[in-house]
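All values below come from the heavy atoms of this structure, side chains included, with hydrogens, waters and symmetry mates left out. This is a predicted model, so every value here is computed, not measured.
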Amino acid sequence: MSACLWESVWPTVEFFLGIGYAAGVVTQLFHCRAWEKQKKYFVLDPPEYLLHVKSKKRSGGQAEQLNSPPAKAQTDPASSVGLMQKDTDGEVTALDISNRGLAELPAFLCDGSLPRLRRLKVSGNALTELSPALLAGGSLSELIAGANQVWLLPDELGLCSKLEILGLGSNRLPALPASIGRCAALRTLRLSDNLLTELPGEIGSCTSLTDLFLAGNQLMSLPVALSRCPLVSLNVSANALTELPEGLCAGVGSSLKTLQLSDNRLASLPADVGELRLLETLNLNGNRLRELPSSFGRLGAVVTVGLGANRLTALPHNIGGLRSLRTIQLGENRLATLPESIGACSGLEDLGLAQNLLQCLPRSVSSLTRLRSLVLAQAKCAALPCEVGKLTALLQLELSGSKLEALPAEICELAALLSLRASDCRLVTLPEQLGSLSALQTLRVDGNRLARLPPTVGRLQWLKELWAGGNALASLPPSVGLLSQLRVLGLSSNQIETLPTQLCACARLERLLVDDNRLHRLPDELEQLEACRELGLSANQLSEPPATLPPRLESLRLNSNLIGRLPVWPRTPAELWLHDNPCWGGRVAPANALPAGRDAGEGRPLVAVLLPGLVRSYAHGEHWRSLFSRYADAYELRAFMHVWPICGSVANNFNQEADRAAGHILDLDKLRAAYPVREGRSGVAESGGFEGALRRFAVASHRLHPIGSPPIAPDVPMSSGWLRD
């Protein structure tokens, strides 16, 4: 009777248990990724438990009731719960037990308990091998075992005749078994970030293989047999390839659409590269290419090309044959010119030419009417052609670090331009029609030789960022107050004596940076800058603190001025820098001020500056002279150098390993000459300023110490060391 009672009660119990499990599904889905979007999946108990309670459909469609409650699972649910999918017969077809810390596969995966298992995910565990029994079943169509420690694949892999997707990325595989060639159904093979040094030739027998991922291995070559695979995507980036096999391009030319070969050691491309008729994406960044074959111009379907960080000196004359080209990256090469045929790439939208040897652009560039981004940073261009004004679709123009002395007036015809960056050039003036760039949002002209900004700058109604620091500006045009959208105004390191009161009308201004100028007074209307959160006024000539402050100000720098009294405001900013002012006297600087320490008995704060010490020409000291002289009166400077005599060049990263091995001798006399000591009125070297600070190590050279070693004589060959006070 009790059995009958149990049979009548159990369906109700099972119903409420199902509700509890459904709630668990919802919770789990917020914290893990579902296997796929399927019409039906269940979660969510130890696999042994699920195998025990699975029910089979009756012909009438009702689930069969168990005569007794399920036995308690023998495994820890916290370590075994996963995502699972079952078919209409209740058989498990998909299982995800990723990220469970498993050192080996559960026994039920290898003993035939899941005969219909098709898809298995075991990624993110600590597996060192895959069980031959798991593979021998031959039922799997998808196996994802990435991010483990697998170092060996069994030959039974060849028994997986139904396997379509195999993911083994981020493991420790040094090789693949030859039996992989028997996986005739394999479509996707992911082997990135392993230790592969070669691929078996049998991989060419995978006649269904379309996607092959091999990035981050140690491959020096690819087998010619790959040309027999109908590859659509091939990624071999970050390996050690020196060449591509002849015939590969011709073999996959009718199928390949994506070819990733960045960060290898390719010095050339095969002559048949033009056979890749369907290729859309080609990434060759970070190789050693010196030239491109003439067949390169026949890649008529290519949309994106990456050729940056190579050694190219010229492009093929038929580059205009890339009629589908939208993006090409050519930065960090040795290009001195561009072929006129570049203008035939009428669909080109992004052209990257940074860090080349370009003296000028071809006039045919005017035909690139769809160009949206033009990057010429750190090029050798001294001028831009007038035809640049015809690039009416241009949104970004990057010219920073070039040798431009002026911008052509035609640049003001770029009505769609959003960003103009011309920092660290040699600009003396800006076009008077600059205000015609009605869509401009970012303007960077810092680090030039500008003496003024054109008054029309006030017509840039959408301008959000204006950077003009490091110039020779003596004033700002009053029209700057019309920049109603301005968020950032950077004017540091100029010669500005006053700020126009109209500037305070920029109600959305959040950062006003006027450090290192010659300001002696401030506008009384600063409180009108309601959105301002940062105000930089350090290293000026202010004798009085500002009378009012913006209401939302969070950071205020007033250090290194001539302020004689402590300020009093209704609300003090959270970060206030006041040190190096007469009003501060001998008080200790605030905790948030730089620097935090002082020399005993001296009123100026002590600053320790670590200088780069790659001593190559012994003339590098000139780079730091202006910086030290600027702050000589405000700080007590101490300079430290990590010394390393070198002879390499910038092109090969100074050939650091060779320099270390050679152990060149540091010439202390030349080092002293690079940092001459300035004698003060008392006949001794002044402690402030560039020369005074550098005297600390130039004179005390007998204290030369390699890192981690006892003192040695200065003339002993060395690779690195410290010159310290």
Side-chain angles (χ1 to χ4, degrees), residues 407 412 415 417-423 427 429-446 448 450-538 540-542 544-558 561 569 573:
L407 298 177
C412 300
L417 194 65
L418 299 178
S419 174
L420 173 58
R421 299 173 184 268
S423 303
L427 298 177
T429 60
L430 294 177
E432 292 296 328
Q433 303 87 350
L434 189 67
S436 300
L437 299 175
S438 56
L440 196 65
Q441 296 183 10
T442 300
L443 176 60
R444 295 208 66 141
V445 290
D446 43 314
N448 283 283
L450 301 174
R452 59 185 289 274
L453 295 178
T456 57
V457 71
R459 291 160 48 190
L460 302 175
Q461 57 181 342
W462 296 107
L463 193 66
K464 295 181 179 180
E465 296 186 18
L466 172 57
W467 299 89
N471 282 283
L473 301 177
S475 62
L476 288 180
S479 61
V480 73
L482 301 176
L483 302 176
S484 59
Q485 301 296 321
L486 194 64
R487 264 69 167 178
V488 180
L489 179 57
L491 299 167
S492 299
S493 301
N494 277 285
Q495 302 172 19
I496 299 175
E497 297 184 359
T498 59
L499 295 176
T501 57
Q502 293 86 344
L503 177 62
C504 299
C506 299
R508 299 188 180 183
L509 188 63
E510 297 177 1
R511 302 178 64 197
L512 176 57
L513 312 176
V514 205
D515 304 274
D516 187 25
N517 275 276
R518 300 178 180 178
L519 293 174
H520 54 80
R521 61 179 298 274
L522 297 171
D524 295 332
E525 296 83 2
L526 284 179
E527 61 182 357
Q528 297 179 13
L529 299 175
E530 297 180 354
C532 188
R533 299 180 182 276
E534 180 182 357
L535 180 56
L537 298 168
S538 62
N540 277 281
Q541 300 176 16
L542 297 172
E544 294 287 335
T548 59
L549 293 179
R552 299 182 182 179
L553 194 63
E554 298 175 358
S555 176
L556 173 60
R557 294 189 298 275
L558 285 169
N561 275 282
W569 299 297

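Taking all atoms of both residues into account, the shortest heavy-atom contact from V488 to L486 is O-CD1, 3.5 Å.
Considering only residues two or more places apart in sequence or on other chains, R459 meets the side chain to side chain donor-acceptor pair (under 3.5 Å) condition with none of them. Residues forming a salt bridge (Lys or Arg N to Asp or Glu O under 4.0 Å) with E527 (at least two apart in sequence, or on another chain): none. Looking at residues two or more places apart in sequence or on another chain, you find a side chain to side chain donor-acceptor pair (under 3.5 Å) between S555 and E575. Legend: residues meeting side chain to side chain donor-acceptor pair (under 3.5 Å) with S423, ordered by chain and number and at least two apart, are D446. Applying the side-chain contact (heavy atoms from CB on, under 4.5 Å) test to R521 and every residue at least two apart in sequence or in another chain returns T498. Scanning for side chain to side chain donor-acceptor pair (under 3.5 Å) contacts around T456 gives an empty result, with sequence neighbours left out.
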Donor-acceptor pairs under 3.5 angstrom involving side-chain atoms of residues 545-552: please list them, not counting sequence neighbours.
residue, atom, partner, partner atom, Å
T548, OG1, D524, O, 3.1

For residues 430-443, run the donor-acceptor check on the side chains, cut-off 3.5 Å, and write out each pair with its distance to 0.1 Å, sequence neighbours left out.
residue, atom, partner, partner atom, Å
E432, OE2, R452, NH1, 2.8
S436, OG, Q433, O, 3.2

Throw together a table of side-chain donor-acceptor distances under 3.5 angstrom for residues 529-538, partners on residues two or more places apart or in other chains.
residue, atom, partner, partner atom, Å
R533, NH1, E554, OE2, 2.9
E534, OE1, R511, NE, 2.9
E534, OE2, R557, NH1, 2.9
S538, OG, D515, OD1, 2.4

Contacts under 3.5 angstrom, residues 468-485 side chains, donor-acceptor by atom type, not counting sequence neighbours:
residue, atom, partner, partner atom, Å
N471, OD1, N448, N, 3.2
N471, OD1, R449, N, 3.2
N471, OD1, L450, N, 3.0
N471, ND2, V445, O, 3.1
N471, ND2, A468, O, 3.0
N471, ND2, G469, O, 3.2
S479, OG, P455, O, 2.5
Q485, OE1, R487, NH1, 3.2
Q485, OE1, R508, NH1, 2.7

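Inter-residue side-chain proximity for L553 and L526 is flagged as unmet; no heavy-atom pair is nearer than 4.5 Å. No side-chain heavy atom of W462 sits less than 4.5 Å from a side-chain heavy atom of L418.
Here L522 contributes atom CG and L542 contributes atom CG; the two are 5.0 Å apart, rounded to the nearest 0.5 Å. Separating the SG atom in C412 from the CG atom in L407 is a distance of 8.0 Å, to the nearest 0.5 Å. Taken from CG in L466 to CG in L491, the straight-line distance is 6.5 Å, to the nearest 0.5 Å.
Between the side chain of D516 and the main chain of S492, no donor-acceptor pair closer than 3.5 Å is present.
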